[in-house]
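What follows is a single structure, written as structure tokens, with notes after it.
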Amino acid sequence: MRVSERGPLSKASPRVEEYLETIYMLAEERQPVIGARLAELLGVSRATVTMMLQRMARDGLIGIDSRKQVTLTAKGQALAEASMRRHRLIERFLTDVLGFDWARSDAEAHNLEHCISAEVEAALNRFLGYPSRCPHGNPIPGNPVPADLHLEQPLDSLAVGAGGRVARVAEPVENALAVLQYVQERGLTPGVAVKVLDYGPRGDSLVVLVGDRPVSLGRDIARFVFVVPETADERSATS
């Protein structure tokens with residue numbers, strides 16, 4: 001299934017796009033979006049964030065409720081998705097065509113995503129065949145939705161003895177490059193088979209069989225690794 005070509009969507013400034021992406025990704029991680037958190041992640045003062053949020057609210061990009069929590073409006077969501085689409089298409093191109101490192105492509109995409117035009121984006125999407133996921137497995141907004149997206153569960157939600165295959169590694173808003181490098185070094189890339197062998201005594205770590213290799217990792221990392229659990233038929237076939 002191919003997606004239809006989209007008409008041009010007005011781009012925000014690179015700084016506004018950075019705010020939109022951060023809000024979008026916090027929402028993806030189901031974290032509350034408040035000014036203090038944005039200031040911490042973006043490395044600016046709270047006063048700077050307050051001024052930017054006021055401007056974005058005035059421009060109809062966000063809403064701010066009585067608890068000071070920020071949500072994207074339909075307009076803001078569309079711009080955020082457009083920015084994320086460019087980011088994830090660039091990651092796909094850097095990895096598949098130019099042979100960039102799976103983790104490093106994320107950092108490079110941040111440098112390039114604000115520079116390409118709608119025409120280049122559309123051409124890039126066509127060239128890549130309208131991929132449904134970026135190299136880390138995350139859905140590309142506007143392209144076909146992965147059929148198994150609704151089945152995904154965080155790795156740290158699986159019971160001991162349960163397994164499946166890695167579908168994606170979420171790109172956290174904080175320390176993204178370090179997280180992506182960490183899981184790549186341990187072989188936790190999309191498509192690999194995994195099985196939970198044990199949880200640590202304090203519940204903050206787990207041992208996972210990655211292919212045929214046991215790997216230890218913290219729960220703070222495992223929550224970013226999403227797995228499609230194996231079915232009962234698949235379990236019986238491999239037992």
Side-chain angles (χ1 to χ4, degrees), residues 9-88 91 106-107 109-110 113-114 133-134 136-142 145-146 149-158 167-180 182-183 202-206 217-227:
L9 181 68
S10 297
K11 288 176 66 174
S13 70
R15 191 58 175 162
V16 171
E17 285 185 345
E18 188 175 9
Y19 274 76
L20 289 169
E21 280 192 30
T22 304
I23 295 167
Y24 180 92
M25 294 177 74
L26 281 170
E28 269 194 327
E29 295 175 20
R30 296 182 173 85
Q31 293 188 32
V33 185
I34 57 175
R37 184 74 173 122
L38 291 172
E40 176 188 354
L41 292 169
L42 296 170
V44 296
S45 70
R46 293 191 184 187
T48 298
V49 168
T50 298
M51 290 175 60
M52 177 62 84
L53 292 181
Q54 288 173 346
R55 172 186 163 193
M56 292 171 69
R58 183 196 65 216
D59 292 342
L61 301 176
I62 61 168
I64 306 174
D65 65 19
S66 58
R67 296 178 297 171
K68 304 298 184 183
Q69 291 198 15
V70 179
T71 55
L72 294 170
T73 63
K75 178 181 177 181
Q77 181 77 14
L79 286 170
E81 288 180 353
S83 185
M84 290 306 302
R85 182 166 59 253
R86 291 193 300 274
H87 179 98
R88 290 172 178 173
E91 287 180 325
D106 176 68
H110 278 295
E113 66 191 51
H114 306 296
R133 296 179 183 267
C134 78
H136 317 116
N138 294 299
I140 297 177
V145 177
L149 186 65
H150 67 290
L151 300 174
E152 296 174 1
Q153 297 178 212
L155 178 58
D156 69 334
S157 71
L158 300 185
R168 64 187 178 95
V169 179
E171 299 170 52
V173 291
E174 196 166 22
N175 300 322
L177 181 58
V179 170
L180 293 172
Y182 183 93
V183 297
R202 294 182 295 179
D204 58 354
S205 63
L206 57 161
L217 67 158
R219 208 160 191 162
D220 58 332
I221 299 293
R223 71 186 182 93
F224 293 114
V225 179
F226 286 79
V227 173

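Quick note: residue numbers are just sequence positions, from 1.
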Return the [atom1] to [atom2] distance between [X] and [Y], rounded to the nearest 0.5 Å.
| X | Y | atom1 | atom2 | answer |
| --- | --- | --- | --- | --- |
| R219 | D204 | CZ | CG | 8.5 Å |
| D156 | F224 | CG | CZ | 10.0 Å |
| E18 | L38 | CD | CG | 10.5 Å |
| I34 | I23 | CD1 | CD1 | 12.0 Å |
| L20 | L61 | CG | CG | 5.5 Å |
| L149 | R133 | CG | CZ | 6.0 Å |

Quick one: closest heavy-atom pair of [X] and [Y], and the distance?
| X | Y | answer |
| --- | --- | --- |
| A170 | N138 | CA-OD1, 3.6 Å |
| A80 | L72 | CB-CD1, 3.9 Å |
| G60 | T73 | O-OG1, 2.5 Å |
| V169 | V183 | CG1-CG2, 3.9 Å |
| G35 | V49 | O-CG1, 3.7 Å |
| R88 | P139 | NH1-O, 2.8 Å |

For atom CZ of R15, decide whether the heavy atoms of other residues, nucleotides or ligands shown that lie under 6.0 angstrom number more than 12.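 Yes, the 6.0 Å shell around CZ holds more than 12 heavy atoms from other groups.
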Verify the distance criterion only: is there a donor paired with an acceptor across the side chains of E21 and H87 at less than 3.5 Å?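 No pair is found: no donor N or O on one side chain lies under 3.5 Å from an acceptor on the other.
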The single option from E113, E17, E81 passing salt bridge (Lys or Arg N to Asp or Glu O under 4.0 Å) against R86: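 Per the salt bridge (Lys or Arg N to Asp or Glu O under 4.0 Å) rule, the option paired with R86 is E17, out of E113, E17, E81.
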Given 3.5 Å as the limit, does a donor-acceptor pair link the side chain of [X] with the main chain of [Y], or not?
| X | Y | value |
| --- | --- | --- |
| R46 | A36 | no |
| S83 | L79 | no |
| D65 | R67 | yes |

Could you pull out all residues at least two apart from T71 that satisfy side chain to side chain donor-acceptor pair (under 3.5 Å)?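 Applying side chain to side chain donor-acceptor pair (under 3.5 Å) to T71 gives none.
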Where do D106 and E91 land on the side-chain contact (heavy atoms from CB on, under 4.5 Å) test, with the steps shown first? CA-CA 6 Å; D106 176 68; E91 287 180 325; 3.0 Å; yes
Hey, are E28 and R168 close enough for a salt bridge, meaning a charged N less than 4.0 Å from a carboxylate O?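 A salt bridge is absent here (no side-chain N lies under 4.0 Å from a carboxylate O).
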For R58 and R55, what are the C-alpha separation, side-chain angles and deciding distance, and is it a side-chain contact (heavy atoms from CB on, under 4.5 Å)? CA-CA 5 Å; R58 183 196 65 216; R55 172 186 163 193; 3.3 Å; yes
Test side-chain contact (heavy atoms from CB on, under 4.5 Å) applied to T22 and V70, V33, L42, the passing residue: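 Testing each of V70, V33, L42 against T22, the sole residue satisfying side-chain contact (heavy atoms from CB on, under 4.5 Å) is L42.
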